[in-house]
K.L.:
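Quick one: the structure is below, questions incoming.
Every value quoted in this text rests on a predicted model; they were computed, and no experiment measured them.
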Amino acid sequence: MDKGNLGFILKMAQTINPQIYPGRELYINLEELRQLPEGTLGRELARFLDTNGFEPLNSGDWIQRTHDVWHVITGLSPSKDDEFILQAFTRSQVFRPSSALLVLAGLITHKCNLKEIIKVIKTGKMANKLVDWDIESDWATPLSEVRQKLGVISLNQKSGAIGNEL
């Protein structure tokens with residue numbers, strides 16, 4: 001996603017969404033995270049950011065600043081199609097009008113379908129609330145253990161997880 005579109009989406013989200021923990025800090029030191037063992041949450045976040053040419057987001061509310069962590073936890077890529085799926089998961093976790101609007105846009109443009117959205121929403125509702133999770137305490141925890149602790153299954157569509165695990 002280019003920086004212009006990202007800026008617009010972030011501004012829209014800040015305008016229409018109730019702000020969740022706007023002052024809460026998230027300390028992401030990529031150099032430290034890159035040194036963690038393979039398969040840990042922190043190492044996988046660093047890999048996700050590096051692979052996609054992203055920098056940690058330091059603006060917006062808690063949901064915006066932790067968006068890329070949610071990608072890693074759910075196993076979703078930053079592709080446009082997976083962004084719509086992640087927005088459905090996000091909307092199931094917290095009240096986000098922008099997430100609902102983006103899911104609707106995905107449905108209208110056929111970037112996602114109603115069956116997968118319903119499954120992802122059910123998955124998000126069954127998971128623990130990610131907004132209450134102390135992310136930094138789990139940087140060195142294996143990603144599989146973090147998912148188990150949070151009750152989150154991988155939603156990676158390429159592995160068929162959405163259809164097969166629910």
K.L.:
Which heavy-atom pair separates L49 from P56 by the least distance, and what is that distance?
P.N.:
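Taking every non-hydrogen atom into account, CD1-CG, 4.1 Å.
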K.L.:
Any idea which heavy atoms bring S154 and G75 closest together, and the distance?
P.N.:
OG-CA, 4.0 Å
K.L.:
To the nearest 0.5 Å, what is the distance between CG (D82) and NZ (K111)?
P.N.:
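If I round to the nearest 0.5 Å, the distance is 12.0 Å.
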K.L.:
Can E25 and N58 be said to form a side-chain contact (heavy atoms from CB on, under 4.5 Å), step by step?
P.N.:
CA-CA 8 Å; E25 296 295 324; N58 294 316; over 6 Å; no
K.L.:
Run the side-chain contact (heavy atoms from CB on, under 4.5 Å) test on I153 and R147 for me, step by step, so that the C-alpha distance in whole Å, both residues' side-chain angles and the decisive distance to 0.1 Å come before the verdict.
P.N.:
CA-CA 6 Å; I153 62 167; R147 285 180 176 149; over 6 Å; no
K.L.:
Nearest 0.5 Å please: distance from the OG1 atom of T109 over to the CG atom of D81.
P.N.:
8.5 Å
K.L.:
For A100, is there any backbone N or O sitting under 3.5 Å from a side-chain donor or acceptor partner on Q87?
P.N.:
no
K.L.:
Distance check, rounded to the nearest 0.5 Å: T90 atom OG1 versus R96 atom CZ?
P.N.:
8.0 Å
K.L.:
Can you tell if the side chain of T123 reaches within under 4.5 Å of the side chain of V152, non-hydrogen atoms only?
P.N.:
no
K.L.:
On a heavy-atom basis, which atom in L36 and which in A140 lie closest, and how many Å separate them?
P.N.:
CD2-CB, 4.0 Å
K.L.:
Who passes side-chain hydrogen bond (donor to acceptor under 3.5 Å, both in side chains) against T141, sequence neighbours left out?
P.N.:
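Only D138 meet the side-chain hydrogen bond (donor to acceptor under 3.5 Å, both in side chains) criterion with T141.
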K.L.:
Who passes side-chain hydrogen bond (donor to acceptor under 3.5 Å, both in side chains) against E44, sequence neighbours left out?
P.N.:
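Applying side-chain hydrogen bond (donor to acceptor under 3.5 Å, both in side chains) to E44 gives R47.
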K.L.:
Is any side-chain heavy atom of E55 closer than 4.5 Å to a side-chain heavy atom of D68?
P.N.:
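No, side chains not in contact.
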K.L.:
Would you call L102 and E83 a side-chain contact if the rule is heavy atoms closer than 4.5 Å?
P.N.:
no
K.L.:
Backbone N or O of N113 within a donor-acceptor pair of the E116 side chain at under 3.5 Å?
P.N.:
yes
K.L.:
Would you call C112 and I85 a side-chain contact if the rule is heavy atoms closer than 4.5 Å?
P.N.:
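They are in contact (side-chain heavy atoms under 4.5 Å apart), so the answer is yes.
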K.L.:
Are F54 and L30 joined in one hydrophobic group, where the rule is that I, L, V, M, F, W and Y side chains link up if heavy atoms are under 4.5 Å apart?
P.N.:
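Shared cluster, yes.
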K.L.:
Treating T40 as the side-chain partner and P37 as the backbone partner, does any N or O pair qualify as donor plus acceptor under 3.5 Å?
P.N.:
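Judged by distance alone, yes, a pair lies under 3.5 Å.
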K.L.:
Is the closest side-chain heavy-atom distance between F89 and S99 below 4.5 Å?
P.N.:
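They are not in contact (no side-chain heavy atoms under 4.5 Å apart), so the answer is no.
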K.L.:
Work out which heavy atom in I117 is nearest to a heavy atom in L107; give both atom names and the distance.
P.N.:
CG1-CD2, 4.0 Å
K.L.:
For H67, enumerate each residue passing the ring-ring contact (aromatic ring centres under 6.0 Å, His included) test, keeping only those at least two apart in sequence or located in another chain.
P.N.:
H71
K.L.:
For Q64 and L57, what are the C-alpha separation, side-chain angles and deciding distance, and is it a side-chain contact (heavy atoms from CB on, under 4.5 Å)?
P.N.:
CA-CA 7 Å; Q64 291 171 311; L57 190 59; 4.2 Å; yes
K.L.:
side-chain contact (heavy atoms from CB on, under 4.5 Å) with E136: which residues, sequence neighbours excluded?
P.N.:
L26, Y27, D134, W139
K.L.:
Is it the case that the side chain of K129 and the backbone of Q93 share a donor-acceptor pair, with hydrogens and angles ignored and the cut-off at 3.5 Å?
P.N.:
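Side chain of K129 to backbone of Q93: a pair is present.
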K.L.:
How close do A46 and L33 get, heavy atom to heavy atom, and via which atoms?
P.N.:
CB-CB, 3.9 Å
K.L.:
Does any N or O in the side chain of N52 come within less than 3.5 Å of the main-chain N or O of F48, such that one atom is a donor and the other an acceptor?
P.N.:
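Indeed, once roles are kept as given, a pair shorter than 3.5 Å links the two residues.
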K.L.:
Between I135 and T66, is there a side-chain heavy-atom distance shorter than 4.5 Å?
P.N.:
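T66 reaches I135 side chain to side chain.
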K.L.:
So, do L86 and W70 sit near enough that their side-chain heavy atoms are less than 4.5 Å apart?
P.N.:
yes
K.L.:
According to side-chain hydrogen bond (donor to acceptor under 3.5 Å, both in side chains), who are the partners of R43, at least two apart in sequence or on a separate chain?
P.N.:
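Result, side-chain hydrogen bond (donor to acceptor under 3.5 Å, both in side chains) vs R43: E38.
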K.L.:
Taking it one step at a time, do V94 and W62 satisfy side-chain contact (heavy atoms from CB on, under 4.5 Å)?
P.N.:
CA-CA 11 Å; V94 295; W62 186 246; over 6 Å; no
K.L.:
List the atom of G124, the atom of S92, and the distance in Å for their closest heavy-atom pair.
P.N.:
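That would be CA-OG, 3.0 Å.
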K.L.:
For S79, check side-chain hydrogen bond (donor to acceptor under 3.5 Å, both in side chains) against everything at least two apart and list the hits.
P.N.:
S77
K.L.:
Is there side-chain contact between L41 and I73, with heavy atoms separated by less than 4.5 Å?
P.N.:
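Yes, side chains in contact.
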